[in-house]
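Just below is one structure, and these are the notes that go with it.
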Amino acid sequence: MRRVLPCIMFVALAATHALSSQAASLPEKSGPSYHAERMALIQEMKAFEAQNGFAPTNNFLEYDPDVQNYPQCYSAPKSYLPYSYMDPAIAGSAGAGTEQECDAFSMGRDWYFYASEAVAGIGGTPITPAMVESPLDRFMYLVFHEDCHEQILGLARGINEAACDIIAMEMMIKFAEEKFGIGSRENNLAKNYLTCYQEKSRIVNEASERLFLLYEDYARKKVTKKDLLLKRAAIFREIDEKFTEVRRNHPTEYYRQIIFNNASLGFLLTYTRNQTLIEKVFDRLGHNLPQIVSFLRQVTKLQPGDEAIVEQYKLQDNFGVKFIRAEEAEMIKIINALAEKKP
């Protein structure tokens, strides 16, 4: 059985700042009227999902005040960049409920802590207080992203996360156009959310390639440990500076500062590595959401099983990083072949 992990984009803790007073459609972030507003918005979003090829899900049907969020902690070696959050090199601890506990759990390794407002794959994720209190752009993303996972179960995580990120953000833009109007503040927030994701994905992917090469050189003793730490620190600073510039150019309501290291980048790569692949599918299908959802469902039916992949690639198991890479490679072949057949 594979691990079921929470699904986020670049950052996970709900932002603490309030929505701008310009958002007249949203009340203050407290009291029953605000909760009722968000609950009603979810119903509108689910109706929009149905219009765009989604099957009904059991997510977000009830409000649970007792589940504030879902704290998660991951750690990784300082001299190895995990391929994704499925890489066994990433150690997880669901029991670390604070940054301090996550730091202690990591025992000197790189660590990444977040508290996700929602998770997929638990038989129906509730509406949590952290989700209700999140900014509008983040709130829309969470609903569409988590419900997307239920539509394309079976896709390799690295394909699934990238697909559901872009599907969610495209849905955010179109939903905001219908509800708030083209060019509205809400519509522009949704557009910026997608633009930030696209630009940050390219930053993460490019920097990660440099880190993979750096760690290979260290493993071959071409780089000293001192130089390794200095060079990787410079790359992490560069990522942080570029992320800051992206947000400055494309402001969103939702924001959370990330400490960049191997644990956080390994996690983010699950969402970013195949961004370009999914964007090509969107372009090929004319950004038609129902067709894209149907296309990805077809991919899940054509993908080979674990045993076939293990045999084909002569692997020892179906959970190591070699299997993760092989499974993604097979799905990419299927996606490219299917996309070429589309007019």
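Hydrogens, waters and symmetry mates play no part in the numbers below; they use all other heavy atoms, side chains included.
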CD1-CD1 distance between I239 and I258, expressed to the nearest 0.5 angstrom: 9.5 Å
Criterion side-chain contact (heavy atoms from CB on, under 4.5 Å) on D165 and H145, from CA distance to verdict: CA-CA 6 Å; D165 263 353; H145 181 94; 3.1 Å; yes
N205 vs Q275, side chain to side chain donor-acceptor pair (under 3.5 Å): CA-CA, chis, key distance, verdict: CA-CA 10 Å; N205 293 343; Q275 170 212 345; 4.6 Å; no
Expected output: side-chain T128 to main-chain E117 donor-acceptor under 3.5 Å: yes
Euclidean distance, S106 OG relative to Y74 OH, rounded to 0.5 Å: 14.5 Å
L289/M171 under side-chain contact (heavy atoms from CB on, under 4.5 Å): CA gap, chis, key distance, verdict: CA-CA 8 Å; L289 286 168; M171 294 186 86; 3.6 Å; yes
Over all atoms of both residues, closest heavy-atom pair of F236 and N261: CZ-CA, 3.5 Å
Verify same cluster id: F212, L265 (apolar side-chain graph, 4.5 Å): yes
Neighbour count above 12 (heavy atom, 6.0 Å) for I259 CD1: no
Interatomic spacing from CD in E328 to CZ in F323 - rounded to 0.5 Å: 10.5 Å
Verdict with reasoning, L228 to L214, per side-chain contact (heavy atoms from CB on, under 4.5 Å): CA-CA 7 Å; L228 169 77; L214 175 62; 3.7 Å; yes
Cation-aromatic face contact R273/Y83, 6.0 Å, 45 degrees: yes
Carboxylate-amine/guanidinium contact K231 D217, below 4.0 Å: no
Where G97 and F113 come nearest, the two heavy atoms and their spacing: O-CZ, 3.3 Å
Gap between atom CD1 of I334 and atom CG of L155 - 0.5 Å precision: 9.5 Å
All pairs passing side chain to side chain donor-acceptor pair (under 3.5 Å) where residues 41-54 contributes a residue, at least two apart: E44-K179, K46-T57, K46-D147
Under 3.5 Å donor-acceptor, S201 side chain and Y197 backbone: yes
4.5 Å side-chain heavy-atom contact, D87 and Y80: yes
ILVMFWY network linking F319 to I324, side-chain heavy atoms under 4.5 angstrom: no
N274 and E161, any side-chain heavy atoms less than 4.5 Å apart: no
Parallel, tilted or perpendicular: ring planes of F175 versus F144, cut at 30 and 60 degrees: perpendicular
Intermediate values then yes/no, side-chain contact (heavy atoms from CB on, under 4.5 Å), E330 and Y313: CA-CA 11 Å; E330 289 302 303; Y313 286 83; 2.5 Å; yes
Neighbour count >12 (heavy atoms, 6.0 Å) for atom NZ, K78: yes
D306 and N318: CA distance, side-chain angles, deciding distance, side chain to side chain donor-acceptor pair (under 3.5 Å) verdict: CA-CA 6 Å; D306 289 6; N318 67 343; 3.1 Å; yes
Heavy-atom pair of closest approach, residues I309 and E327: CD1-CA, 3.9 Å
Taking every non-hydrogen atom, the tightest pair across C148 and I167: SG-CD1, 3.9 Å
From L189 atom CG to I173 atom CD1, the distance as rounded to the nearest 0.5 Å: 11.0 Å
Ring center gap for Y114 and F267 short of 6.0 angstrom: yes
Nearest non-hydrogen partners of Q151 and G53, listed with the distance: OE1-O, 4.4 Å
Student check: side-chain heavy atoms of H35 and R38 closer than 4.5 Å: no
Separation between CG of D137 and CG of N188, rounded to the nearest 0.5 Å: 11.5 Å
Any side-chain heavy-atom pair of M140 and M169 under 4.5 Å: no
T195 side chain vs N192 backbone, donor-acceptor pair below 3.5 Å: no
Check ion pair K174-E178 (N to O, under 4.0 angstrom): no
Check: F60 and M45 side chains under 4.5 Å, non-hydrogen atoms: no
Donor-acceptor contact below 3.5 Å, side chain R284 vs main chain E340: yes
L61-M131 co-clustered via ILVMFWY side chain contacts under 4.5 Å: no
Electrostatic pair K242:E238 at N-O distance under 4.0 angstrom: yes
Check: Q303 side chain, G154 main-chain N or O, donor-acceptor pair, under 3.5 Å: yes
Salt-bridge criterion met for E279 and R202 (N-O under 4.0 Å): yes
Residue pair Y254 / S134, side-chain heavy-atom distance below 4.5 Å: no
Side-chain (N187) to main-chain (F180) donor-acceptor, under 3.5 angstrom: no
Same apolar cluster: I332 and L302, side chain cutoff 4.5 Å: yes
is_close_aromatic(Y141, Y193), centroid dist under 6.0 Å: yes
Nearest non-hydrogen partners of V119 and I122, listed with the distance: CG2-CD1, 3.4 Å
Note, L277 side chain near N336 side chain (heavy atom, < 4.5 Å): yes
Same cluster (ILVMFWY, side-chain, under 4.5 Å), V321 and Y85: yes
4.5 Å side-chain heavy-atom contact, E241 and E245: no
